[in-house]
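Just below is one structure, and these are the notes that go with it.
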Amino acid sequence: MTEEKNQLGKLVGEIRKEKGIRQLELCQGICSVSMLSRIEQGKKEPDKMLLEALFERLGKTLLYWEKVLNNDDIRLFQLQVEINSFLEEKNLEVVQMLLKKYKNFKGVNEPLHKQYKMFANARLLRLQNKNKEAMEELQRALEITLVNLQENNFQLKKYYLCYQEIEAYLAWAELAVQFEKEKGYEALQQLIDYIDTKVENNPEMNRIYTIAVHKLACEKASRGKLEEAWFLCRKGIKIKRESKNLDKLKPLLRLQMEIENKLGFQKEKNQIEEWYYVIEQLEQYANHYGEKMEGITNNRYGVYGIGEVFRNLRKNFNMSQEELMHFSEQENYSIVPETLSRIENGHSNPTKKTCETYLKKFNKEMRFYAAPIQSNDYEAHQLRYELGDKIRVIDAKGAKELLEQLEPKIDLNNKYNKQFIAKEKLIISHIEGKISPKEFREKMIEVLKITIPDYEKIEEENKSYGFLSRNEVGILNNIAASYKDAVDCEKGILLYEKLLRYFEGQYELSGRADYMMLLVNYVNVLGSAGKHRKCISEARRGIALNMKAKDAVYMEHFLYEIAWNYKELEKREELSKEEKLEKTSSIKMAFKVSELFLQEGYIAFLKKENIS
């Protein structure tokens, strides 16, 4: 049992009691009451899927934590990512093959895994235009955890649902509209009411919610309830704008345009049309340059496999499996190379003793479910997340206010909390212009050495990073950025390229949030170093990555960098007709994207830059 899962299990119990939910209500259909009791006492370690489902049924999310999974969990997660990806690409033969593979995994007969297989199969049937069969398969999938689904007086609000259940219910309701119109219509309304009352705001739920809003708005519009449909569209668009998410935004905008045309709302219709065409331009732009996302998934936060972590730590120290075996013998613990090989390749799980031996050799502490702060107070993690958003939009005042709320909620003697708070205070001072780039970098390195004491030696010997926490990635990002401010861009470029390789080559499922943060700063430093064409190429890639993930975070930054670098190139060479057009359209789109996604600070910045 890892300490982190132990604490998260206890947190499940605390949140459940705060909400007045009985154990039977929370675990219905996904595990027994006795198992939930053991989880809440820290005596039972749930797999990733069950732990996430328990949090989600409580209206919470585990997105605030990055996860180092055992090899069984990571292989299942990788397979789910592949299945979902090939479903998106409509590659039916590969999906069928992967689903057969999934059925052979250990533990997949547990309720949530059975439900996932049936949900994925229903999506497959839908792509084969077998909608009636798909609806029946979804119904069977839901009945694993939702009893009485087919009763006439079924009330969704009586249940507690995880995201998988909500997504499956939405898919079922969409199909029910085709075959049992009133039942489907009522199901969509119940789903929206459920999310409104029982689920906290977060990126994953926003995606599902707006799909439901769009479908229900379409139904209301078809029934002549135009004003109700209009309000639903506005509600969905508002969520998308605030969360900087593109998924289903375009159809929502199109539907609102159609409704406003019928209602005669010309002024608002013109604004909606502008936003709609901005998204069309972005789609055309990404398709034109055609960069592909390689090695980075659409997952928003970090997922790592224990096998790949061990392998990368060993390689970082230039150590063979035989040398590590000799070290284990000195520790009076025998690890044979064959076992190490199976662990590193994901075919066997390490024991607790093996983990301890590995980590001792590499002078590394491992938190298997880790957030940038350590706290059993869920609100503290929410505040930390909001603080990150304030930092990203360069809101020093807002960041300070959140930091003041956060500090009393965490143990400042804990080294991870100490590191996080020190990092955020330095960044705020930097935003306010109270610290020079050189001093900022020196102090940030000292903050990093709280958890990586040999950082300078790693850099001196040009070693790769074996494993980094999200907080350490953020600190290294700021160190690299400080070289740009100090007019020493080459050092910053080298550090960014090293960090990007860390994600691209070592941890394919580590998520895209940290990767995109690094990429946008890398692009900025390339431009400052005068590497304008390289900068434009990387900025285009950033736009393509965003469009594939249906995420607009940093989109305006990438567009601005393209325009700015063409402006700099224009000072010394003639631009082609296509390059001049790209420069003009990029800056226009940067303004429109900033307006669409409520980036008032960035609009002011663009006006100040005045690129024409």
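When reading the values below, keep in mind they use all heavy atoms of this one structure, side chains included, and skip hydrogens, waters and symmetry mates.
Judged purely by distance below 3.5 Å, without hydrogens or angles, the side chains of N206 and N245 never pair a donor atom with an acceptor atom. Remark: the N376 side chain and the K10 side chain contain no N/O donor-acceptor pair separated by less than 3.5 Å.
Between I208 and Y163, the closest heavy-atom pair is CD1-O, 4.0 Å.
Looking at heavy atoms from C-beta onward, M135 lies out of side-chain contact with L138 at the 4.5 angstrom threshold. Within the 4.5 Å cutoff, no side-chain heavy atoms of E52 are placed close to those of C162.
When atom types are taken as modelled, the side chain of N84 and the backbone of Q80 share a donor-acceptor pair closer than 3.5 angstrom. Of the possible donor and acceptor atoms, none in the side chain of K244 sits under 3.5 Å from a partner among the backbone N and O of M555. D73 places a side-chain N or O within donor-acceptor distance of the main-chain N or O of K48, the cut-off being under 3.5 Å. At least one donor-acceptor pair under 3.5 Å links the side chain of N546 to the backbone N or O of V553. Between the Y515 side chain and the L500 main chain, no donor and acceptor come within less than 3.5 Å of each other. Looking only at distances, no side-chain donor or acceptor of Y304 sits under 3.5 Å from a matching main-chain atom of I74. The backbone N or O of E344 lies less than 3.5 Å from a partner atom in the side chain of R311, making a donor-acceptor pair.
A salt bridge is defined here as a Lys NZ or Arg NE, NH1 or NH2 lying under 4.0 Å from an Asp or Glu carboxylate O, and E167 with R123 fails to meet this definition. Ion pairing between a basic and an acidic side chain is recognised when a charged N comes within 4.0 Å of a carboxylate O; R384 and E424 show no such pairing.
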(request) Show your working on salt bridge (charged side-chain N to carboxylate O under 4.0 Å, His left out) between E25 and R16 and close with a plain yes or no. (result) CA-CA 10 Å; E25 293 174 311; R16 178 184 63 76; over 6 Å; no

(request) Let me see the working for E456 and K449 under salt bridge (charged side-chain N to carboxylate O under 4.0 Å, His left out), right down to the final yes or no. (result) CA-CA 9 Å; E456 287 161 330; K449 286 163 73 174; 3.2 Å; yes

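Within 6.0 Å of NZ on K498 lie more than 12 heavy atoms contributed by other residues, nucleotides or ligands.
Under the 6.0 Å cut-off for aromatic ring centres, Y169 and Y194 do not qualify, their centroids lying 6.0 Å or more apart.
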